[in-house]
Amino acid sequence: MSDNRTVVRMDAYERITRNAAEVVTEEEIEALADDPDGKRAYVGYEPSGVLHIGHMLTANKLIDLQEAGFEVTVLLADVHAYLNDKGSFEEIRHTAERMRDQFIAYGLDESNTQFVLGSDFQLDDDYTLDLHSLELETTLARAERAMAEITSGDSVKVSQAVYPLMQALDIPYLGVDLAIGGMEQRKVHMLARDVLPSIDREPPTSLHTPLIADLGTGRGKMSSSAGVTISMEDSRDDIESKVNDAYCPPTADPEPTDDGEARENPVLQVFEYHVFPRFDAVTVERPKEYGGDLAYEGYGALEADLESGELHPADAKGALAEYLDRLIAPGREQLAE
RNA sequence: CCGCCCUUAGCUCAGCCUGGUAGAGCAGUCGACUGUAGAUCGACUUGUCCCCCGUUCAAUUCGGGGAGGGCGGACCA
């Protein structure tokens, strides 16, 4: 923090809640923002070895929280991944180890981030008995609903009903004040709020990041399993090509498809949720014939320029690839070792 | 445990009755047109037809066995 004078000072509440799709509850977040020091937030990730843009979105929020004074726990959820049919336990555990370095390379503050392996505490006797207690409190239908957006595979296993209950239980066991996740996690967090009091634990406050639309179509949500994603494995050329192929009408509010399915502008979304949170200023390089370079200090101005036609989507894409590459380069180098 | 149905391209499925190694839509790839993408045209690609055994000159197709998935198995009808 050697040069704070050029950085716009943001108060804790604003930094904590910016770019959030939802916060539960507003009052609880305000209380945390009033005195963030020593408070702990967490995200759980199923280990995948390589960080992708979905991980990066919640990681941005963790960085915000660290800058607001929070302490941060990253749960490398090896047991969860196992329950979600992601492979053998040994394989999962191995990839979990690689993930830690990926997060550090991405920009989490190493001295202020606690990495915890799920299996380090989720197999303890007390935990197991508490888990069974939550199982007793929860109908199968409720657990299945909570998992609807998370489950992999086409048939629901008993393990996948246990999964959200463990997620709930992790919160008190990790001593967490604030649970972070994408919007696909909201039903799990609501379940946690409902069931934790039954074992005399505090219901958690949660904050959910938005889901970014599929890069290629602007429809649905970007997924690492289907469609195009961006990860730390991508070369500069990969990124340029993926960004160039992205759906990008010259507006922030595209027309729905002929079938009536809603569409977003994923290029703008990536600027909003990935680029501007990490860069104070963004320069769009533009050939002289089209008016020369443009500079932005916030997302709103860039969106407005795209909307008005001042900024052409092709130029926006060029800048997006450049800044995404800067975000990914450290992780890519780390992977290469 | 018992019964019925399903398993064919990345996805949803047709074909099998009347055996001769297979199709559609969507997706994807490549061009054209746009200073991006999309839309729209044009061209193109894709398959252990779930596995094993049997019958047959020949099996995705017929028979048997197995695996995976779905639904059902009080009463009422």
**Report entry** Audit row: A/Q185, A/Q167, side chain to side chain donor-acceptor pair (under 3.5 Å) steps and yes/no
**Finding:** CA-CA 10 Å; A/Q185 302 293 328; A/Q167 237 176 298; 2.8 Å; yes
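- Comparing the C1' positions of B/G65 and B/U46 gives an interatomic distance of 32 Å, to the nearest angstrom.
- When distances run from any side-chain atom of A/D315 to the nucleotides B/U36, B/A37, B/G35, the shortest one goes to B/G35.
- Rounded to whole Å, the C1' atom of B/U18 lies 42 Å from the corresponding atom of B/C30.
- Aromatic pair A/F276/A/Y296: centroids not less than 6.0 angstrom apart.
- Atoms CG (A/N244) and P (B/U29) sit 13 Å apart, rounded to a whole Å.
- Pair assignment for B/A22: none, as no Watson-Crick or G-U wobble contacts are both less than 3.5 Å.
- A gap of 25 Å separates the P atoms of B/G70 and B/C62, to the nearest Å.
- In this structure, B/G72 forms a base pair with B/C2, meeting either the Watson-Crick or the G-U wobble geometry with both donor-acceptor distances under 3.5 Å.
- Nucleotides of RNA chain B nearest to A/T217 and A/K317 differ in position, and the one nearer the 5' end is that of A/T217.
- Annotation: B/A59 and B/C50 have their C1' atoms spaced 15 Å apart (nearest Å).
- Within the cation-pi definition used here (under 6.0 Å to the ring centroid, within 45° of the axis), A/R286 does not qualify as a partner of A/Y290.
- With a cut-off of 3.5 Å on both pairing distances, the Watson-Crick or G-U wobble partner of B/G63 is B/C53.
- Annotation: B/C52 and B/U61 have their P atoms spaced 12 Å apart (nearest Å).
- Atom-to-atom, CG of A/N265 to P of B/A37 comes out at 14 Å; the value is rounded to the nearest Å.
- If you measure from atom CD1 of A/I239 to atom C1' of B/U36, you get 17 Å, rounded to the nearest angstrom.
- If you measure from atom CG of A/L311 to atom P of B/A37, you get 16 Å, rounded to the nearest angstrom.
- Taking atom CD of residue A/E285 and atom P of nucleotide B/U36, one finds them 19 Å apart after rounding to whole Å.
- For B/G47 and B/A22, the P atoms lie 11 Å apart once the distance is rounded to whole Å.
- Nucleotide B/A43 is matched to B/U29 when pairs are restricted to Watson-Crick or G-U wobble geometry with both distances under 3.5 angstrom.
- Across every strand in view, B/C17 sits unpaired, with no contact that passes the Watson-Crick or G-U test at under 3.5 angstrom.
- The aromatic ring of A/Y247 is not stacked on the base of B/G38, since the criterion of ring centres less than 5.5 Å apart with planes inclined by under 30° is not met.
- Summarising the base pairing, B/A37 is matched to no nucleotide, lacking a Watson-Crick or G-U wobble pair whose two defining distances lie under 3.5 Å.
- If you measure from atom CG of A/D245 to atom P of B/G28, you get 10 Å, rounded to the nearest angstrom.
- Within 4.0 Å of A/P250, counting heavy atoms only, lies at least one base atom of the nucleic acid.
- Under a cutoff of 6.0 Å and an axis angle of 45°, A/R18 and A/Y13 do not form a cation-pi pair.
- Comparing A/R286 and A/K157 against RNA chain B, the residue whose closest nucleotide sits nearer the 5' end is A/R286.
- As a whole-Å value, the separation of A/D85 CG from B/G68 P is 14 Å.
- Taking the P atoms as reference points, B/U29 lies 24 Å from B/G23, given to the whole Å.
- Summarising the base pairing, B/A9 is matched to no nucleotide, lacking a Watson-Crick or G-U wobble pair whose two defining distances lie under 3.5 Å.
- In summary, A/D64 and A/R15 engage in a salt bridge, as defined by a charged side-chain N under 4.0 Å from a carboxylate O.
- At least one test fails for A/R278 against the ring of A/Y273: distance under 6.0 Å to the centre or angle within 45° of the axis.
- Comparing the P positions of B/A9 and B/A24 gives a spacing of 14 Å, expressed to the nearest Å.
- When rounded to the nearest whole Å, the span between CG of A/L320 and P of B/A37 equals 15 Å.
- Between A/R326 and A/E322 there is a salt bridge, since a side-chain N of the basic residue sits under 4.0 Å from a carboxylate O of the acidic one.
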